[in-house]
Amino acid sequence: SKIVIVSPEYNGSYAGIVKAFIDGWNPKKLSGQKVALVGVASGRQGNMRGLDQLSNVMNYLQLTVVPKKVAISQVHLLSNEQGFNPSEEINNFLHTQINMLLN
């Protein structure tokens, strides 16, 4: 009943595979649901522009976008052999976003 989209940055926007995935949705079945957006990028902006564009698409599909969008920049520095190791700040952002999504 809740949707979380983690979108990598591609040429200053979201990747085509994300668009193709969304194109397969049935908007009538999703209307009114809540969606949380997380952007990841190797650059400094964390795909914020792509998240803004995705917000517009989600609004068009009549989904409710959680106002707290998490942009994770320099994601390549946050993972190692043990997995994903975000900073405390990113963890706090993610927890806030999850709470907003669930409430």
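The first residue in the sequence is number 1, and the count goes up from there.
- With Gln97 contributing its side chain and Lys68 its backbone, the two residues share a donor-acceptor pair below 3.5 Å.
- Annotation for Val18 and Pro8: closest pair CG2-CD, 4.3 Å, computed over non-hydrogen atoms.
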Review point. Under the side-chain contact (heavy atoms from CB on, under 4.5 Å) criterion, do Leu30 and Leu61 qualify, and how do the steps go?
Key: CA-CA 8 Å; Leu30 297 174; Leu61 294 173; 5.9 Å; no

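- Interatomic distance, Gln53 CD to Asn47 CG, rounded to the nearest 0.5 Å: 8.0 Å.
- By the 4.5 Å heavy-atom criterion applied to side chains, Leu51 and Tyr14 are not counted as neighbours.
- Between Lys69 and Leu54, every side-chain heavy-atom pair lies at or beyond the 4.5 Å cut-off.
- The hydrophobic side chain of Tyr10 is isolated, with no ILVMFWY side chain under 4.5 Å apart from it.
- When hydrophobic clusters are built by joining Ile, Leu, Val, Met, Phe, Trp and Tyr residues whose side-chain heavy atoms come closer than 4.5 Å, directly or via intermediates, Tyr60 is grouped together with Val35.
- Environment of CZ in Phe21: sparse, with no more than 12 heavy atoms of neighbouring residues, nucleotides or ligands closer than 6.0 Å.
- No continuous path of hydrophobic side-chain contacts links Ile17 to Val4 [ILVMFWY only; heavy atoms under 4.5 Å].
- By the 6.0 Å contact criterion, CD on Gln45 is open, its count of non-hydrogen atoms from other residues, nucleotides or ligands being 12 or less.
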Review point. side-chain contact (heavy atoms from CB on, under 4.5 Å) between Val38 and Ile5: does it pass, once the steps are laid out?
Key: CA-CA 6 Å; Val38 179; Ile5 298 175; over 6 Å; no

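- In this structure, Arg49 contributes its side chain and Gly12 its backbone to a donor-acceptor pair below 3.5 Å.
- Checked against salt bridge (charged side-chain N to carboxylate O under 4.0 Å, His left out), Lys2 has no partners two or more places apart in sequence or in another chain.
- When side chains are defined from C-beta on, Ser55 counts as touching Leu37, because their heavy atoms get closer than 4.5 Å.
- Linking Ile, Leu, Val, Met, Phe, Trp and Tyr residues whenever their side-chain heavy atoms come within less than 4.5 Å places Val40 and Leu78 in a single cluster.
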Review point. Under the side-chain contact (heavy atoms from CB on, under 4.5 Å) criterion, do Ile98 and Phe93 qualify, and how do the steps go?
Key: CA-CA 9 Å; Ile98 290 167; Phe93 285 149; over 6 Å; no

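- With sequence neighbours left out, the salt bridge (charged side-chain N to carboxylate O under 4.0 Å, His left out) criterion links Lys34 to no other residue.
- Scanning all heavy atoms of the two residues, the minimum distance from Ala41 to Glu9 falls at CB-OE1, 3.1 Å.
- The two residues Gly43 and Ser73 make their nearest non-hydrogen contact at O-CB, 3.0 Å.
- Here the closest non-hydrogen pair linking Ser7 and Ala15 is OG-N, 4.4 Å.
- Following chains of ILVMFWY side-chain contacts shorter than 4.5 Å, one can reach Phe84 starting from Val6, so the two form part of one hydrophobic cluster.
- By the 4.5 Å heavy-atom criterion applied to side chains, Ile22 and Val57 are counted as neighbours.
- Hydrophobic clustering, with ILVMFWY side chains joined whenever heavy atoms are under 4.5 angstrom apart, keeps Ile72 apart from Met48.
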